Amino acid sequence: LAYRSGQQRSTPLAWSETATAATLAIGPATGSYPAVTRPWWLQVRGWATAPKAVVADGTALAKLTSPQAFGPAGGWLHDSTTKRIVIRLPGNQPAASVRIDR
């Protein structure tokens with residue numbers, strides 16, 4: 001209920017695409033509300049084919065074969081039926097950027 005006293009925190013997101021990749025720039029977060037340490041998840045919808053790679057802050061994330069395989073090291077999974085990519089970023093903080101290679 002901290003918003004009642006004027007506290008807030010926002011994290012800007014910027015999406016850009018080229019013929020070979022899509023990039024999501026994350027943050028930095030601003031505001032008076034303290035940062036919360038938690039896993040960061042991303043969902044990209046409308047991605048028909050599996051990416052060649054998903055890279056967070058320059059580190060390639062592991063391609064996973066089932067949702068049960070997600071863990072603190074992060075990783076990604078493509079679902080061709082729903083045409084989406086599910087990404088769990090490593091650790092408990094957001095990455096500054098995530099690149100999805102076509």
Side-chain angles (χ1 to χ4, degrees):
L1 301 176
Y3 72 92
R4 290 182 179 173
S5 63
Q7 290 188 10
Q8 57 83 27
R9 186 170 195 83
S10 63
T11 304
L13 305 173
W15 180 264
S16 62
E17 289 189 54
T18 67
T20 58
T23 303
L24 178 65
I26 304 171
T30 59
S32 57
Y33 192 78
V36 176
T37 301
R38 61 177 171 75
W40 275 68
W41 293 83
L42 307 171
Q43 255 191 64
V44 180
R45 296 175 185 216
W47 204 280
T49 59
K52 291 180 181 175
V54 176
V55 180
D57 287 342
T59 301
L61 300 180
K63 179 180 180 182
L64 305 175
T65 57
S66 74
Q68 293 77 19
F70 282 107
W76 63 275
L77 178 69
H78 178 261
D79 184 334
S80 60
T81 303
T82 60
K83 297 180 182 174
R84 69 184 176 131
I85 304 167
V86 178
I87 304 166
R88 188 205 190 274
L89 297 177
N92 289 317
Q93 298 295 325
S97 71
V98 177
R99 188 184 77 239
I100 303 169
D101 295 334
R102 296 185 193 278

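Source: prediction; values computed, not measured. All values below come from the heavy atoms of this structure, side chains included, with hydrogens, waters and symmetry mates left out.
The CD1 atom of I87 lies 8.5 Å from the CZ atom of F70; values are rounded to the nearest 0.5 Å. Atom CD of residue Q8 and atom OG of residue S32 lie 5.5 Å apart, to the nearest 0.5 angstrom. The CD atom of Q7 lies 7.5 Å from the OH atom of Y33; values are rounded to the nearest 0.5 Å. In this structure, the separation between CG on L61 and NZ on K63 is 13.5 Å, given to the nearest 0.5 Å.
At a threshold of 4.5 Å between side-chain heavy atoms, the hydrophobic network of Ile, Leu, Val, Met, Phe, Trp and Tyr places W40 and V54 in one connected group. Linking ILVMFWY residues whenever their side-chain heavy atoms come closer than 4.5 Å, directly or via other members, leaves L42 and V36 in distinct clusters.
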Between T30 and S10, is the side chain to side chain contact (heavy atoms under 4.5 Å, CB included) condition met? List the steps. CA-CA 6 Å; T30 59; S10 63; 3.7 Å; yes
For E17 and R102, what are the C-alpha separation, side-chain angles and deciding distance, and is it a side chain to side chain contact (heavy atoms under 4.5 Å, CB included)? CA-CA 10 Å; E17 289 189 54; R102 296 185 193 278; 2.4 Å; yes
Between L13 and L24, does the side chain to side chain contact (heavy atoms under 4.5 Å, CB included) criterion hold? Intermediate values first, please. CA-CA 7 Å; L13 305 173; L24 178 65; 4.0 Å; yes
Going through the checks in order, is the side chain to side chain contact (heavy atoms under 4.5 Å, CB included) test met by L77 and I85? CA-CA 6 Å; L77 178 69; I85 304 167; over 6 Å; no
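Smallest separation of non-hydrogen atoms from P90 and A73: CB-O, 3.5 Å. Of all non-hydrogen atoms in A29 and T11, the two that sit nearest each other are CB-OG1, 3.5 Å. Minimum heavy-atom separation, A21 to R99: CB-CG, 4.0 Å. Shortest non-hydrogen contact noted between A95 and I26 is O-CB, 3.2 Å.
Using modelled atom types and a 3.5 Å distance limit, the side chains of W41 and Q43 yield no donor-acceptor pair.
Put simply, the side chain of R84 never gets that close to the backbone of V44: no donor and acceptor are under 3.5 Å apart. Of the possible polar contacts, one joining the D57 side chain to the A96 backbone as a donor-acceptor pair under 3.5 Å is found. Using modelled atom types, one side-chain atom of R88 and one backbone atom of G91 make a donor-acceptor pair closer than 3.5 Å.
By the 4.5 Å heavy-atom criterion applied to side chains, P51 and D101 are not counted as neighbours.
Within the cation-pi definition used here (under 6.0 Å to the ring centroid, within 45° of the axis), R45 does not qualify as a partner of W47.
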